[in-house]
Amino acid sequence: MTIPFKKYQGTGNDFVIIDNRHLFFPKDDTKLISKLCDRKFGIGADGLILLENHDLVDFTMVYYNADGKQSSMCGNGGRCIVAFAKALEIIQSSTTFMAIDGLHEASIANDGIVHLKMQDVTGIKATPSYSFLDTGSPHHIQFAENLSELDVKKEGACIRYSDTYGSAGSNINFVSQKEPNVFAVRTYERGVEDETLSCGTGVTAVALAMHHQGKTNEKRVRLDVEGGELEVSFEKDGDGYANIFLIGPATYVFEGEITW
Ligand SMILES: N[C@@H](CCC[C@H](N)C(=O)O)C(=O)O
């Protein structure tokens, strides 16, 4: 079997993206997906994304983590599939697409910056030491001293596999504040089981949690991640948040074919 693919990255969170409108891809082959994502035995990526047809909107996004298992929403992957759909001329500068957490609207500018609308967020859990919220994927957020020195893989795994999160686990974000509306973030991603250079649903969760905790009064926050800069804008809506946008680049890297 020959599998044509394109590789994209969004602030260093990288994805193999496959046009599966003809439904040729073996979606239940966990071993194949994890091998395609393997950085030594495959193409190498934090996740794999399929673009499929949808009856009512422009396309469907199906997301798998690097472990080969289908998972919850990927914000950076959402931005990248918008750039992929534009390159395939499925869309032009704006779109509505379906993902596992529901419909997303997005727009893409000529410079490749994508504005991706995320689902409204309610039910933020705030404790003295951490916050937890779901922005399409589950996120634990805590402050870290010496963020640049932190062993994110070790400390993140410790929390991800703790009794707090049970078998489902969580993504773990470590944060430090740089300015009133600027935060540095490093994320351990479940399903990759390592630090990634950026996590879109993660920085969205950090921006909302920081506003919820009163660390910032701004409704547009910059997040400095290991792979670049992202922005999140939002509006307060009762106890939660609405009109949430994840804003940042989505970049084509290379393409190829794997014969299997
Ligand atoms: N990198 C993603 C998050 C992908 C899903 C996550 N690993 C999970 O399984 O919860 C992002 O950019 O949001």
Side-chain angles (χ1 to χ4, degrees), residues 7-17 30 33-34 37 39 44-50 61-84 97 99-102 104 106 113-119 121 131-141 152-153 156-157 159-162 164-175 183 185-209 221 223-232 234 244-251 253:
K7 175 98 181 267
Y8 277 76
Q9 60 88 10
T11 49
N13 202 190
D14 58 343
F15 309 98
V16 170
I17 310 188
T30 304
I33 296 168
S34 65
C37 293
R39 297 197 184 276
D46 294 324
L48 180 142
I49 303 170
L50 302 177
M61 165 184 176
V62 184
Y63 174 75
Y64 300 83
N65 279 320
D67 65 4
K69 295 183 195 148
Q70 197 177 340
S71 195
S72 43
M73 181 57 185
C74 177
N76 288 330
R79 293 202 328 282
C80 287
I81 201 169
V82 169
F84 179 77
F97 68 91
I100 193 155
D101 62 341
H104 289 263
I113 298 293
V114 178
H115 286 61
L116 174 64
K117 190 170 187 200
M118 308 300 280
Q119 304 302 340
V121 169
S131 295
F132 177 80
L133 62 154
D134 195 312
T135 51
S137 283
H139 286 278
H140 170 110
I141 292 140
V152 170
K153 183 171 183 177
I159 302 166
R160 180 255 196 267
Y161 287 106
S162 68
T164 310
Y165 295 115
S167 54
S170 176
N171 301 286
I172 313 297
N173 302 273
F174 298 98
V175 183
F183 297 86
V185 183
R186 293 179 66 192
T187 304
Y188 175 97
E189 274 195 51
R190 88 176 163 169
V192 182
E193 307 311 338
D194 205 344
E195 181 177 10
T196 57
L197 295 181
S198 171
C199 178
T201 50
V203 299
T204 304
V206 169
L208 302 182
V221 171
L223 296 310
D224 292 353
V225 296
E226 296 296 291
E229 287 179 12
L230 288 162
E231 287 190 301
V232 174
F234 51 86
I244 304 163
F245 284 88
L246 170 65
I247 303 156
T251 307
V253 185

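Atoms within a ligand are numbered from 1 in the order they appear, just like the ligands themselves. Throughout, numbering of the chain's residues begins at 1 and tracks the sequence. Fair warning: this is a prediction, and the values are worked out from it, not measured in the lab. No hydrogens, no waters, no symmetry mates; every other heavy atom, side chains included, goes into these values.
- Expressed to the nearest 0.5 Å, how far CG of D46 lies from SG of C37 amounts to 8.0 Å.
- For the pair F15 and ligand 1, the shortest N or O to N or O distance does not fall below 3.5 Å.
- In this structure, R160 does not pair ionically with E189, as no charged nitrogen and carboxylate oxygen lie closer than 4.0 Å.
- Scanning for side-chain contact (heavy atoms from CB on, under 4.5 Å) contacts around I244 gives M118, V121, T204, L208, V232, F234, Y241, with sequence neighbours left out.
- Nearest protein heavy-atom contact of atom 10 (O) of ligand 1 is N171 ND2, 2.7 Å.
- The proximity of C74 to ligand 1, defined as any non-hydrogen pair under 4.0 Å, involves the side chain as well as the backbone.
- Within the 4.0 Å heavy-atom criterion, neither part of D46 lies near ligand 1.
- Residue contacts with ligand 1: V192 is excluded, as none of its non-hydrogen atoms falls under 4.0 Å.
- Short contacts between ligand 1 and N76, defined as distances under 4.0 Å to a heavy atom of the residue, involve ligand atoms 11 (C), 12 (O).
- Partners of A209 according to the side-chain contact (heavy atoms from CB on, under 4.5 Å) rule, which considers only residues two or more places apart in sequence or in another chain, are S131, L133, I141.
- Distances shorter than 4.0 angstrom occur between a heavy atom of N65 and an atom of ligand 1.
- With ligand atoms numbered from 1 in the order given, ligand 1 contributes 4 (C), 5 (C) to contacts under 4.0 Å with heavy atoms of Y63.
- For atom 12 (O) of ligand 1, the closest non-hydrogen atom on the protein side is G200 N, 2.6 Å.
- A heavy-atom separation below 4.0 Å is not found between G191 and ligand 1.
- Once rounded to the nearest 0.5 Å, the distance linking OH of Y63 with CE of M73 reads 10.0 Å.
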Set out, in order, the CA-CA distance, both residues' side-chain angles and the distance that settles salt bridge (charged side-chain N to carboxylate O under 4.0 Å, His left out) for R39 and D14, then state yes or no.
CA-CA 11 Å; R39 297 197 184 276; D14 58 343; 2.7 Å; yes

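- For the side chain to side chain donor-acceptor pair (under 3.5 Å) criterion with T187, the lone passing option out of N173, T201, T196, N13 is N173.
- Taking the six-membered ring wherever Trp is involved, the centroid distance between the rings of H140 and F132 does not fall below 6.0 Å.
- Of the polar atoms of R190, at least one N or O is found under 3.5 Å from an N or O of ligand 1, judged by distance alone.
- Residue contacts with ligand 1 for N13 involve side-chain atoms from C-beta outward but no N, CA, C or O (heavy atoms, distance under 4.0 Å).
- Nearest heavy atoms, R79 versus V114: CD-O, 3.5 Å.
- Considering backbone and side-chain N/O atoms, G202 never comes within less than 3.5 Å of an N/O atom of ligand 1.
- Heavy-atom proximity to S72, at under 4.0 Å, picks out these atoms of ligand 1: 8 (C), 10 (O).
- Close approach of ligand 1 to T201 is summarised as follows: ligand atoms under 4.0 Å from at least one heavy atom of the residue are 3 (C), 11 (C), 12 (O), 13 (O).
- Here the two rings, on F15 and F84, have centers that are 6.0 Å apart or farther.
- Counting heavy atoms under 4.0 Å from ligand 1, residue E189 touches it through the side chain alone.
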